[in-house]
Amino acid sequence: MISLILILLASLFFTGLVIWTKSITSGRKGPGIFQPLKDVLRLFKKGAVYSKTTGIIFQVAPTIYFASVMMAIFVVPFGQARGFISFEGDFVFFAYVLATGKFFSIISALDTGSSFEGMGASREALFSMFAEPAFFILMGSFALLTGHSSFQGIFTAMHFTTKFSYALGALATFVLVIIAMVENSRMPFDDPKTHLELTMVHEVMILDNSGFDLGLILYTTNLKFAMYGALIANFFIGAIPWYLALLVFFGVQFVFAITIGLIESFTARFRMSHNAQYIFALSSVSLLIFFGVLLVLGKFI
Amino acid sequence: MINVLLIIFTISLLYLSIADRLLTYIKILAFQGIILFGVAFIELIQINPVNLALVLLETIVFKTIFVPLFLNYIIKRNKITRDSEPFLPNFISLIVITLIIIITFLLSNSIVDSSISKIYFIVSLSAIFSGLYIIATRKKIITHVLGYLVIENGVFILSLAVGTEMPLLVDLGILLDIFASVFLLGIFVNKIGDVLKDVDVDQLKKLKD
Amino acid sequence: MIGIYLPGAFIIGGLLLVNRNKMLSNLLVLAFLVLQWIFTVYEYRHINITEFNYFKLDALALLLLITLSIIAIPAMYHSHIYLTTKKDTPRNSAIYYAATVILLTTLSAAYLSNHIAVTWIFIEMTTLSASALIYHRRNNRSLEGTWKYVFVCAISITFVFIGILFLSFSLQHRGGGGLTFDALLTNAATINIFWSRLAFIFIFTGLTAKLSLVPMYTAGIDAKDKAPSPAGALFASVLMNVGFVGFFRIYIVFANTSLHSWTNHVILIAALLSIFVATVYMVKVKNIKRMLAYSSIEHMGLIMLGIAAGGIGYYAAILHLILHSFIKSSIFFQVGQVYRVYKSKSIYDVGNYFKYNLTGAIVMLLCFIWVTAMPPSGLFISELMIFRALFQSHYIIVMVLVMFFLTMIIWAFGKNIFKLLFAPPVGFDDSNVVKINPVESISQFIFLGLIVYLGINPPVEFVTLIQETIKNLPK
Amino acid sequence: MFVIEAFILTIVTAIMVIPFTGVRWKGIFTITAVCLLAILSSIPAVTALGGLNTEVIFAGSSVTGEIPVRIDALSGCFILIINFTFLTGAFYGFHYMKQYRAETANIGLHCIAYLLVQSSLLSICAIQNSILFLFAWEIMALGSFLLVIFEHQKKETVKAGINFLVQAHVCILFLLTGFIWVASRMNTYDFKAITAFSTSYSLLTGIVLFFCFFIGFAIKAGFVPFHTWLPYAHPASPAHISGVMSGVIIKIGIYGILRMLLLIKSDYTLIGYIILFISVVTGIYGVMLAIIQHNLKKLLAYHSIENIGIIGIGIGLGCIGMGTGNSSLTILGFTGAILHTFNHSLFKSLLFYAAGNVYQSTHTMDIEKLGGLGKLMPRTSFLFLIAAIAICGLPPFNGFVSEFLIYNGMLSGFHNANLSFLSLLVFSLFGLVLIGGLAILCFTKAFGTVFSGTPRHLFNPVPSEAKAGTLVPMFLIMALMTIIGIYPVFFVRVIWEPVRLFTSGYEYAPVVNFPLSGSLSMISLCALGFFVFASAIYFIRNRITARRPVVTGPTWGCGYLAPNSHMQYTASSFIRSYRKLAEPVLAIHKKKSEVKGIFPKTGLHETHPYDKAEAMLIDYPLRQLKHFFNRFTFLQNGNPQFYILYGVVFITAVIIIPFAGTALTTLIHFFNQL
């Protein structure tokens, strides 16, 4: 329950922080941290323009997208405190429920019958497909390490005992950060600020959304960031007292947001056709983690 | 005496291999009939007279007179060209038939059983294989029949080997002889000549897969 | 009884030959069938009694005689339909009927004969009557088929005769009765190995012409193709059985000598080659009747495999032989109908049979299932047992090979049959298609049912007869 | 006992009556018979699931021996699955076939075949005598063949049918070999002999025997590389047949595998490893090929292969659990497998029915021609959507539950696993996730191009929603899917009995409770929560947006003002980037002419997906074989001289070869003596 509140809190400022970092690095003052939130609220108040081509799917999809992310957030724990929902194998549910949302956003993009939105949809489907194995192998490795298969179980039972396991944690953080980038269509994989539809992923999918729906989608992006931030934070919280944990949580969220801002400021977008390879490389990294876990457990003889 | 006759029979096989004209084939067949008559007469003298008469009648009337005349009639009636038209040159045929005779001779040497005189075995087997060889290497359908008749003669000799103990088998051989020759030639004279103008083997190669 | 049967049947045959009256010929045919059945029933009551020194009805003869008598009825019926629809001249019909009657009579006599020479005579006579049937259509091709059949059969019969001579050489006591199968069997142990080896190989090779096996199967294909379908049915069933009788009786003798395993190997090789050849040509041929003829080769190969494998394979082989007779005859009867619809046997000209003759198409479909030995066909049971026999005698590679070939055969067979049944025909004018009365298919349905019955739930008597047949074989 | 007799009576009566009735009554009779058969067979099935097995032994004949009919929980479970699918199939098919009523004979055959397939499938689950089992098996194969070739005017249909038949025969040959093996050693055809056989001979024997059966069943089930018949048979058949076929006919292969696992006592660990590996490959390969298909039904067919892979993963895990004594792995694996079998039968039949509706209103299955059907056929598209979500294994529907169980099986397998098993587990984890991701790609493509957007092709008449008659059974399936998604605990409890059969062999402490019951109830909570939550938000959204102004206009064309339907993103473009990546593994025949010059002529780009496994394992060997066979076609050359020669050659060969053989051995002996 507590994690839900914290994530909601983090989601309020996360994107703003990213934008703020980017402005600072490019020498501008930049908008306020809550500007994205204000945008969303403004969108909520607006009317909508619907394409003649679209049907009910198009109208339902943003809602389901949002709901799916919320469902995923319910599962995320906060240190020893369970998430809103917690059970054995809940990370499977986490990944799959996110996929449900993605499924809807893809078909809603295709529902517009546009020459561009399908492009984004295609990429979104492909990229997230490649990102998922990495996540599962990562979680599987930790499940193996800890002997638990729920988020909460894994995170509470995880102790970085040796130096080697710190390396594993770092790798895992890296993987999760990249996954978050992919899932949110951020910089090295996608440039949300580009002006060429041909090179966009997420943004081009929602070209036709407007009004409340668009607001919902934008806010969902914030939520998703905060959610991944929370996951990463959980790696470091472990069994420390709640006030420290709170500190760590927000610290991680801050660092995460600023990192994203920095990455976006200083790197260029990958070539679209190479994206798949990079994302797939994540699985390899996760495999490394897995072998690392095997080493820790002494299964490698 | 039997041995002499059988050797002459074998020599007739060699002659068969180099014969060019169909008429020569027929003459050789008639000649073989006479030899068989002699062999049968000497070999089967002890069996019951009715049976012996039948055998002798078959050899002399059927093999030496009736069949050659009939063949002659067919050749004339169907206007078959006189040449035997082998696929292989006669020289090779001669060598092959000689080889056949030699091999059967060598083969029979390995037989340990003494109850059968080997000469029958050698001569009949040579005749059978020579007949098969003639069938395989001649172009005309009529030569197939001729080759078949040579085989029959060979079989007849073989049957003579046990003729005294089992005359029934000799009778069967005769039956086979009459049946097959009459039947094959019958088809020939009635149908093939009418339907197919040029009596070549190639005419009968339509039914295939 | 055979003393009455043979002359009686020959007289009927002779009368049929000279008679030109339609009504009378029908009556005569009927009379023959009645005679045939009386004979069968009588012989069934008097099993294992020697008649006229040379005839003895044993279990195998009884089984095949009953099979023949059963097949004879629809064969005559379908011949009747064939001749009436074709509006043949009375002379041709007369020859056809007479030849069929003589064929059936000589076959029955050949089944019954207990002397190798007598068997040989009757087998020779079957060639004679069969050739009349092959030449029935009286055109170039049928003449060619007849000529080849007669010629190849003449040679093969000579081979058999040579084999018999060798067999007589091999005997220690060459008495008059020395060549009856019973005598051969009792003297099997004292037989001369050298001569009997030669004897077996010659007899076997000679009989393959009738058996439809490699090496002399060739002419039989043309015969089954060129003969009218009802006659083809007889060729592919009872005529093949006569070859089997000759072979099997001599095989029993050899199985009791030291040559047993050698004969098994010879048979096995011939059987495997047969199945292989059947596969090669089943894939290739586009003529339905020829395809069926090749399928007969395949089945005979399977039967021989059963014999070669021994054990349960003996039972399976006999069962397979009988079932195959029924299925092959019914499928040939059905092909007659197909020919009447399309006026062609080529697979390119036929199609959509389902539309033109529903009952016939269903029969054809079932026949396909039955003949390829798919359950619920009884042939499946016999094939299963043959495979089991192969397995038990450690011929596993052979089994795998055969299974592979059978699969290819099913593929090829199925492709053609389904083309016939379902694919629309090219260039076929269906404005006046011959309507075929479903009644004509009843016999086929009965046969199909019989096959299932005999295969899955054989009556005790049937099983005993087969056991009786194979009792003299070593276990 | 009574049930079995009534069962036989029903099927015989139906087959006798149907050919002689009017075309309308054929359908009604069939449905009645299907219902009767279903009810009759479900009675022992339900009691078996309750833990009360039925065993009746018929006397049989001298050939078959005793015919035991045993219905245990595993059979019962499959019987129920079969019955449900066949019922919905019959009701759907009844309406689907209405437009073919002119072909009376064909319909009659179809009805009979349908009944035959149902009854034979049910019998397969119950009969435990090899011969009768093979009989039922082949009747099933032949019946389904007849069902497949219903539209036999089309050349491809007959071709697909023959392909199906031949492979079904290969399948039966493998089974036959296995049964013969057992029968020749144990001298009985009873299934119990298999157990006795595997325990009395070496471990290796058991493994080889199992794989003999496994290949046989795998052909039916469609495991790669034995799957090649499947993508042809499914598109060729009418929709309800595709549904039934994909739903249950291929599942009978799964039944067979499970049955053999119960019967054969052997080294389960090794068996499990192999099954697991094959299944992962099957799953990935199936879905990889599914994505590139342009024919909707073919796409679904390949997807069946994928799902068989998932089921196989479950079985493989369960097997390893049996072998290593990890009972929770066993339970989770088999529960996942059986539940997924059931689930797949639901959503795949639903998908095929929906595809059938599309086919009936548009008369094409080419995805590139379809589009925008969502508005014309809203109910069908809704049903397709639900099924698509379910088949991708996404919550809150049933597909997720079974995949969740399998995932948890993998996770529980992590405990006390050795290195090789762990590597395999990670491989299969990776595989399963990849399968899930690719499935999403596949079904977003399918749904997106068929039902979303604008039509790509002008259909005349304009496609319209299917008749209510076809939709009712579909909604029924959907309801069941939703129920499983929301309340899986009940279903897991139902299949608890069959799963327990697999654990019964343990000497380890028997597990009484299901290991994941807590999670499952949470899943149902989540699913329900998801529904409620999403509806609530949608409700709020509607309340808010109701007061706002709404404008409709053309789709945003990024400044281009005259877009048309051809400019829509197509299915091939949707998967283009995927295709580029997957090309090395797949065989895609491309035909294209580039656009050249300033005033270019028409450009062209066609892709024809093909199956590389099929090309390598079926087409190439067949071609070679044909060449080989063709070399022997000189035999029947029409020349009687040759015919005679064969005889001579045979005789000489038989005489000479032994001589030559002895001579050779003597020679070798001589050289050895030197």
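Just so it is clear: chains get the letters A, B, ... in the order the sequence lines come, proteins before strands, and each one is counted from 1.
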Quiz item: Hey, would you say the B:Phe121 and C:Trp195 ring centroids sit under 6.0 Å apart?
Solution: yes

Quiz item: Taking 4.0 angstrom as the limit, do C:Asp222 and C:Arg141 come out as a salt bridge?
Solution: no

Quiz prompt | chain C-proximal positions within residues 147-157 of chain B [heavy-atom distance under 4.5 Å] | solution = B:Tyr148, B:Ile151, B:Glu152, B:Val155

Exercise. List in chain and number order the residues that pass side chain to side chain contact (heavy atoms under 4.5 Å, CB included) with B:Thr143, two or more places apart in sequence or in another chain; answer none if no residue qualifies.
Key: B:Leu22, B:Ser84, B:Arg138, B:Lys140, B:Leu146

Practice problem: For the residue pair C:Tyr281 and C:Tyr294, categorise the inter-ring angle as parallel (less than 30°), tilted (30 to 60°) or perpendicular (more than 60°). | Solution: parallel

Exercise. Could you tell me which portion of C:Leu198 (side chain, backbone, both or neither) has an atom closer than 4.5 angstrom to a non-hydrogen atom of chain B?
Key: side chain

Quiz item: Which region of C:Lys286, side chain (C-beta onward) or backbone (N, CA, C, O), has a non-hydrogen atom less than 4.5 Å from a non-hydrogen atom of chain B, or is it both or neither?
Solution: neither

Self-check item: Side chain C:Trp120, main chain C:Ile157, donor-acceptor under 3.5 Å
Solution: yes

Quiz item: How long is the span from the CD1 atom in C:Ile155 to the OG1 atom in C:Thr205, to the nearest 0.5 Å?
Solution: 13.0 Å

Quiz prompt | Best-contacting candidate, C:Ile164, C:Leu128, C:Ile121, C:Val285, against chain B by heavy atom pairs under 4.5 angstrom | solution = C:Leu128

Quiz item: Salt bridge or not for C:Lys289 and C:Asp225, using N-O below 4.0 Å?
Solution: no

Quiz item: Is the ring centre of B:Phe66 less than 6.0 Å from the ring centre of B:Phe70?
Solution: yes

Practice problem: Give the member of C:Thr158, C:Asn287, C:Thr218, C:Ile162 that has the highest number of heavy-atom pairs under 4.5 Å with chain B. | Solution: C:Thr158

Self-check item: Heavy-atom proximity to chain B below 4.5 Å, by part of C:Phe151
Solution: both

